[in-house]
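Accompanying notes for the structure given below.
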Amino acid sequence: MIQASLLNQTHLAVPGDQEVTLTHTSDKLSSFLKVSEKEWLVLLRKCRSVADLKQAHAQVVKLGLFHKPFCASNLVSVAALADWGSIDYACAIFDQIEEPGSFEFNAVIKGYAKEMRFVEALWLYQAMVENGVEPDQFTYPALLKGGGLSSDAAIQVHGHVLKFGFAEDLFVQTSLISLYGRCGEVELSRAVFGEIGVRNVACWSALISANARCGLWDECLEVFGEMMREGVCRAEESALVSVVSACTHLGALELGMCAHGLLLRNVAGLNVAVQTSLIDMYVKCGAVDKGMDLFRKLERRNLLSYSVMISGLAIHGRGEEALNVFSQLLAAGLEPDHVAFVGVLSACSHAGLVDEGLKYFGRMRNEFGIQPTIQHYGCLVDLMSRAGMTSEALALIQSMPMEPNDVCWRSLLSSCRVHRDLDTGEVAAKQLHLLNTENAGDYMLLASIYSQAQRWDDVARIQTEMARKGRAKTPGYCLVEVKRRVYKFFPQEKSYPKCEGVYEMIHQMEWQLRFEGYNADTTQVLLDVDEEEKKERLSAHCQKLAIAFALLHTSEGSPIRLARNLRMCSDCHRYTELISVIFGREIIVRDRNRFHHFKNGTCSCKNYW
DNA sequence: ATAGGGTTAG
């Protein structure tokens with residue numbers, strides 16, 4: 001006999017030790033001898049709590065019917081699969097069954113998997129096989145539900161699938177695709193998918209989300225396209241959730257809007273998951289107001305929807321609104337988790353709300369009992385150092401209860417450049433060096449700090465070291481979407497016909513800028529050359545080229561959306577502020593970490609970047 | 001009874 005409950009050391013009271021009646025079922029139970037299996041099931045389905053189940057159980061025991069084969073089995077099944085935390089109770093009943101078969105095993109395995117208790121699910125599955133109970137076609141989808149197994153366990157279970165002859169079962173195959181996706185083995189997902197003869201929506205969706213889960217966004221969209229071309233079926237919600245998520249990560253607003261359109265046409269009443277992914281997509285593609293709009297209209301919000309909105313507002317520098325959404329979360333009676341607090345702290349950091357940030361950090365620990373992680377400390381470091389408190393940030397890093405990672409040091413280093421703190425910057429750079437996680441960008445930051453101090457020998461030393469270590473500078477680029485096409489600009493870009501008229505436009509822009517009192521900020525040009533040449537270099541930065549191009553090719557007054565792979569230099573930032581007022585355009589720039597909305601001569605980041 | 005979905009510092 002297998003003791004399922006021993007696996008988790010939870011022993012529940014065995015029913016029958018107290019006189020109880022199940023109000024709306026007792027009359028039926030009293031005539032149970034005449035009641036069929038089906039009616040017993042109907043009865044069980046009326047249960048809404050563990051207490052209900054215990055009462056049903058107690059009465060069945062009293063009537064001496066517990067050992068009727070279907071009776072205990074159905075009790076286990078209902079208890080294992082219910083949504084009110086009765087899995088341990090299901091185990092207790094399971095242990096009283098003398099010869100459990102695959103039905104009973106499946107129910108408890110699925111119950112464990114549903115509760116993300118994968119170790120126990122796998123354990124019970126192994127016990128099943130060892131005891132000579134043959135898995136059936138329901139066993140594998142049950143075991144793989146939630147897909148929290150390790151790669152090794154997944155491959156082992158896949159072996160069993162082959163051994164027991166379920167390699168051709170579409171349900172099993174779909175579970176495997178999803179499982180491999182969850183443990184990062186997307187090639188194996190694809191391999192399983194390749195063996196399927198007749199594909200349906202579910203297995204396509206599984207492959208799409210497997211790619212999404214592994215961060216293969218392009219591939220995710222590609223598979224989606226393949227599915228559409230094969231005309232398998234209309235797009236379904238669950239595939240589109242991954243597609244929308246891919247658009248979010250790629251910054252593909254147009255495509256994301258197409259997916260939204262597909263959803264509206266094909267699915268009546270979008271559920272919370274889809275709505276949340278749409279909100280995230282709009283916000284992270286720069287259309288924060290559209291995202292906020294969807295959020296306001298969302299009726300059944302959960303913790304995830306709130307968290308998405310909070311961190312979304314954060315990257316747009318809309319700190320007060322983010323804090324407002326957070327108080328709505330509390331007012332709705334939801335318990336914030338560590339993810340929600342990452343959003344809150346990052347909102348404070350991007351908006352320069354230093355006191356607020358520190359206050360929320362304290363509340364997180366004291367009021368909500370959440371242990372801060374490195375991410376929370378990272379936000380605090382960022383919060384302080386951005387606000388110019390670089391030495392305080394350094395002290396915080398040194399006193400954190402965990403080892404600081406490269407992110408913390410890099411955040412400090414980049415603030416040291418903005419606030420021209422050479423001493424602290426050197427400390428941060430040294431630590432990055434010790435962690436051996438430094439990248440080309442870190443060298444550039446340090447070199448930039450030295451150049452601000454006119455220490456050209458040090459600049460040269462850094463550049464030599466960078467070359468010696470083979471850390472190539474990532475080429476910066478700037479994307480701009482004009483008339484549904486995306487154009488990519490590199491610094492000093494000269495390609496014809498893209499650049500036709502662009503340099504003339506740059507001259508015209510600079511001529512007007514001078515009237516507004518613009519002076520090129522050459523401090524971040526890492527070359528020991530004369531001022532004129534520095535200015536020359538600056539004026540050909542990719543962001544300026546992209547803006548000139550957009551001004552030439554878009555209608556007056558329409559917003560300009562740019563996306564870049566690196567952060568912009570201080571000169572490009574100032575320049576863009578002025579262009580927004582001179583040309584009356586809203587310019588939205590997405591950099592590596594956040595959005596900048598330039599409008600009427602100012603930027604939403606309030607120079608916190 | 002069976003399969004597929006959304007958030008996380010820089």
Side-chain angles (χ1 to χ4, degrees), chain A residues 41 73-74 77-78 80-81 102-103 106-107 110 136-145 147 166 169-179 181-182 189 196 200-210 212-213 236-245 248 270-281 283-284 302-312 314-315 337-350 357 372-383 385-386 405-415 439 441-442 445 567 591-594 609:
Chain A
L41 199 60
S73 306
N74 283 328
S77 162
V78 170
L81 304 179
S102 61
F103 179 96
N106 291 348
K110 188 172 174 183
D136 61 18
Q137 77 266 34
F138 302 117
T139 307
Y140 292 99
L143 176 62
L144 306 183
K145 194 169 182 63
F166 295 106
D169 187 301
L170 187 54
F171 287 91
V172 175
Q173 287 169 314
T174 305
S175 309
L176 279 170
I177 293 170
S178 161
L179 174 70
R182 281 173 198 259
S189 299
I196 298 177
N200 67 358
V201 214
C203 65
W204 277 106
S205 302
L207 185 62
I208 291 169
S209 55
R213 216 164 246 285
E236 261 204 359
E237 269 183 316
S238 53
L240 281 167
V241 168
S242 302
V243 170
V244 170
S245 174
T248 307
L270 303 182
N271 65 26
V272 203
V274 195
Q275 302 258 34
T276 305
S277 72
L278 282 170
I279 292 171
D280 195 40
M281 186 274 292
V283 170
K284 297 225 178 93
N302 59 21
L303 188 56
L304 244 93
S305 354
Y306 282 99
S307 301
V308 162
M309 200 63 239
I310 292 169
S311 51
I315 55 168
D337 65 357
H338 69 113
V339 180
F341 273 104
V342 167
V344 168
L345 295 176
S346 122
C348 293
S349 154
H350 283 299
T373 66
I374 187 93
Q375 285 173 308
H376 298 113
Y377 277 102
C379 288
L380 274 198
V381 169
D382 201 51
L383 176 82
S385 57
R386 258 192 235 270
N405 60 9
D406 56 323
V407 180
C408 294
W409 291 117
R410 193 167 294 121
S411 165
L412 179 61
L413 178 62
S414 82
S415 287
N439 58 40
D442 300 334
L445 280 172
R567 306 194 328 164
D591 73 13
R592 261 201 97 69
N593 319 314
R594 61 165 297 155
W609 98 100

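Chain naming here is simple, since letters A, B, ... match the order of the sequence lines and numbering starts at 1 in each.
By the ring pair (Phe, Tyr, Trp, His ring centres under 6.0 Å) test, A:W409 pairs with no residue at all, sequence neighbours left out. When the side-chain hydrogen bond (donor to acceptor under 3.5 Å, both in side chains) test is applied to A:S77, no partner is found at least two apart in sequence or on another chain. Every residue two or more places apart in sequence or in another chain that forms a side-chain hydrogen bond (donor to acceptor under 3.5 Å, both in side chains) with A:N302 is listed here: A:S305. By the side-chain hydrogen bond (donor to acceptor under 3.5 Å, both in side chains) test, A:S102 is found to be paired with A:D136, residues two or more places apart in sequence or in another chain being considered. With sequence neighbours left out, A:F341 forms a ring pair (Phe, Tyr, Trp, His ring centres under 6.0 Å) with A:F326, A:F368.
Residue contacts for A:V244: at a heavy-atom cut-off of 4.0 Å it reaches no nucleic acid atom on any strand shown. Using a 4.0 Å heavy-atom distance criterion, A:V407 is classed as a base contact. Contacts of A:N405 with the nucleic acid, taken as non-hydrogen atoms under 4.0 Å apart, include base atoms. At the heavy-atom level, A:V274 lies under 4.0 Å from base atoms of the strands shown. No contact: A:D406 has no heavy atom under 4.0 Å from any strand. As judged by a 4.0 angstrom heavy-atom cut-off over every strand, A:Y377 is placed among residues making no nucleic acid contact. Among the atoms of the strands shown, none is found under 4.0 Å from any heavy atom of A:H376. Residue contacts for A:I374: at a heavy-atom cut-off of 4.0 Å it reaches a base atom on one of the strands shown. Using a 4.0 Å heavy-atom distance criterion, A:D337 is classed as making no nucleic acid contact.
Put simply, the side chain of A:H376 gets close to the backbone of A:H338: a donor and an acceptor are under 3.5 Å apart.
In 5' to 3' order, the nucleotides of DNA chain B bounding all contacts with chain A (an atom under 4.0 Å from a heavy atom) are B:dA1 to B:dG10.
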